[in-house]
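Shown next, in structure tokens, is the structure this report addresses.
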Amino acid sequence: MSGGGVREETVAAPGGAPGRTAAGRGQGVGDPERLARAALTRVVEPGDEAAGRWLRECGPVEVMRRLTSPDVADAAQALTGVSGQRLGGYRMRAAAADPERDLAAVAAVGGRFVCPGDEEWPGQLDDLGEGRPVGLWVRGGPHLRMWALRSVAVVGARACTSYGAHMAATLGAGLAERGWVVVSGAAFGVDGAAHRGVLAAGGATVAVLACGVDVVYPRGHAELIGRIAEQGLLIGELPPGAHPTQSRFVLRNRVIAALTRGTVVVEAQYRSGSLVTARGAQRLGRFTMGVPGPATSGLSAGVHELLRGEGVLVTDAAEVVELVGDIGDLAPARRGPLLPRDLLDPVAARVLESLPARGAVGARDVARGAGTTPDDALGKLYELHSLGFVERRGDGWQLTPGPVQHANARRGGP
């Protein structure tokens with residue numbers, strides 16, 4: 001699976017962190033197109049493919065001219081594929097649109113409007129085809145396209161467990177420490193934990209909203225959203241002042257999936273919106289990952305179903321980066337702790353295994369159990385004695401009581 005069209009270019013700050021400057025942002029489209037696209041964010045809902053087809057065929061300026069023309073037939077002639085009633089709704093909203101007011105409102109909160117064709121536009125969003133955003137309202141200083149080039153989405157349940165919140169925060173912090181931008185939706189639960197983990201690590205995070213970038217939602221995340229606006233980026237398809245709806249949350253997820261190289265799901269039920277993001281990422285050829293949880297937890301059931309398909313199991317940031325990063329970004333090898341018995345040669349290990357958990361046995365019994373000669377067994381017993389594994393009791397040998405015994409007792413012993 002590839003990065004789904006995410007181009008390999010980056011601007012880095014000292015220490016490998018993504019660049020935070022907004023300087024050098026070019027203006028790729030003229031004012032008429034910018035105004036038309038800003039107006040259209042008032043007219044069409046996110047992901048409207050009929051409107052996307054009109055934009056491809058006619059361009060935004062012509063689409064707005066048709067929608068605001070007094071001649072209904074003129075609009076219907078070019079803007080096909082929708083019912084007359086639906087076209088009437090578009091025309092009503094177009095007549096009320098005031099893009100200059102919206103552009104002034106976003107500028108008042110330190111924001112801007114980014115269009116396809118602008119230097120700051122993330123080209124990977126074009127993978128959405130006719131469902132790509134008309135434009136993006138952006139609040140915050142950093143350069144959106146540069147940040148998006150090296151980004152990962154971390155999403156999950158709103159009503160997450162303490163385990164889910166811990167894993168999301170740990171992943172967020174770990175990815176930030178490795179120079180990756182973490183994208184999420186600023187919702188309660190996993191989203192908020194991921195953002196906070198990044199901010200605590202001094203990293204870069206982007207919140208994709210289902211409302212205007214000047215609207216605080218959810219209200220309980222006012223402080224978090226404010227911190228993201230100051231230290232990262234808030235982006236959304238809806239104009240200033242627009243409020244979220246259930247359908248807008250679902251449609252917002254396609255932007256999260258397309259913007260990033262991969263999506264990690266931390267806790268999700270079968271019908272979770274986070275799985276919508278993951279499936280969207282799969283359709284776009286992005287990486288999809290899941291953090292496993294208890295098999296008895298309904299909040300992990302959706303993640304486990306994802307992992308039974310094309311999702312990849314990950315447990316920490318290093319494993320995420322190994323999947324979405326560059327060649328050589330390998331996670332460290334995982335192994336259990338090294339015990340003293342692991343350093344024994346094979347014959348000595350078999351001799352140690354042949355000793356009972358309790359009581360002493362003679363060297364011949366040890367040799368028979370270890371499958372070696374009495375002389376070899378006796379020699380290994382003295383070696384084990386010098387290492388503190390066994391001790392002599394009369395004519396027999398037994399395991400040394402205490403810490404060494406507990407760490408090296410034969411399997412099956414108490």
Side-chain angles (χ1 to χ4, degrees), residues 160-175 177-178 193 197 200-201 264 266-267 289-301 303-304 307-308 312-323 329-414:
C160 68
T161 65
S162 57
Y163 164 78
H166 169 77
M167 290 304 301
T170 302
L171 281 170
L175 288 165
E177 289 165 358
R178 288 164 174 80
V264 185
V266 183
E267 289 195 327
M289 296 154 277
V291 176
T296 54
S297 172
L299 280 170
S300 291
V303 179
H304 296 161
L307 295 176
R308 282 169 53 83
V312 178
L313 187 152
V314 293
T315 60
D316 61 18
E319 293 175 353
V320 174
V321 172
E322 181 178 70
L323 191 64
D329 289 337
L330 300 178
R334 310 303 170 96
R335 56 176 62 89
L338 185 67
L339 300 176
R341 69 176 302 145
D342 297 329
L343 303 176
L344 298 175
D345 66 70
V347 177
R350 292 202 307 272
V351 168
L352 185 61
E353 287 280 342
S354 69
L355 289 167
R358 292 187 179 85
V361 294
R364 288 187 176 276
D365 293 328
V366 172
R368 188 162 44 250
T372 186
T373 66
D375 290 340
D376 284 344
L378 188 61
K380 294 300 179 183
L381 284 166
Y382 275 104
E383 288 181 18
L384 292 168
H385 182 267
S386 65
L387 293 172
F389 286 97
V390 301
E391 57 186 36
R392 187 78 182 262
R393 281 291 179 266
D395 292 333
W397 296 85
Q398 68 179 32
L399 294 173
T400 301
V404 174
Q405 177 190 354
H406 296 322
N408 299 280
R410 71 183 180 92
R411 288 184 291 274

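Being a predicted model, the structure only gives us computed values, none of them experimental.
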Going through the checks in order, is the side-chain contact (heavy atoms from CB on, under 4.5 Å) test met by Leu352 and Leu399?
-> CA-CA 8 Å; Leu352 185 61; Leu399 294 173; 3.6 Å; yes
Closest non-hydrogen atom pair, Ala193 against Ala165 = CB-O, 3.5 Å
Step through it carefully: locate the ring centre of Trp397, locate the ring centre of Phe389, and say whether they are under 6.0 Å apart.
-> no
Positive for side chain to side chain contact (heavy atoms under 4.5 Å, CB included) with Val351, one of Val390, Leu378, Val366, Asp376 | Val366
Heavy atoms of Ala317 and Leu171 approach each other most closely as N-CD2, 3.6 Å
Short question: side chain of Glu267, backbone of Thr161 - any donor-acceptor pair under 3.5 Å?
-> yes
Taking the side chain as every heavy atom from C-beta outward, state whether Val303 and Val266 have any atom pair closer than 4.5 Å.
-> no
How many angstroms lie between atom CZ of Arg350 and atom CG of Asp345, to the nearest 0.5 angstrom?
-> 9.0 Å
Would you indicate whether Arg392, at its atom CZ, is surrounded by more than 12 heavy atoms from other residues, nucleotides or ligands within a distance under 6.0 Å?
-> yes
Which heavy atom in Thr400 sits nearest to a heavy atom in Gly388, and how many Å separate them?
-> OG1-O, 3.2 Å
First locate atom CZ of Arg368, then atom OG1 of Thr373, and finally report the distance between them rounded to the nearest 0.5 Å.
-> 13.0 Å
If every non-hydrogen atom of Arg364 is compared with every non-hydrogen atom of Pro374, which pair is closest and at what distance?
-> NH1-CG, 3.8 Å
Check Gly369 against Ser354 and note the closest heavy-atom contact, atom names and distance.
-> C-CB, 3.9 Å
His304 backbone acceptor or donor facing Arg308 side chain under 3.5 Å | no
Heavy atoms of other groups near Asp395 CG, more than 12 under 6.0 Å | no
Please report the shortest heavy-atom distance between Val321 and Arg178, naming the atom on each side.
-> CG2-CD, 3.8 Å
Should Ser300 and Pro294 count as side-chain neighbours, where that means a heavy-atom distance under 4.5 Å?
-> yes
Do Pro356 and Val361 touch side chain to side chain, with heavy atoms closer than 4.5 Å?
-> yes
When Thr315, Val264, Val291 are each screened for side chain to side chain contact (heavy atoms under 4.5 Å, CB included) with Val320, the one that passes is Val264
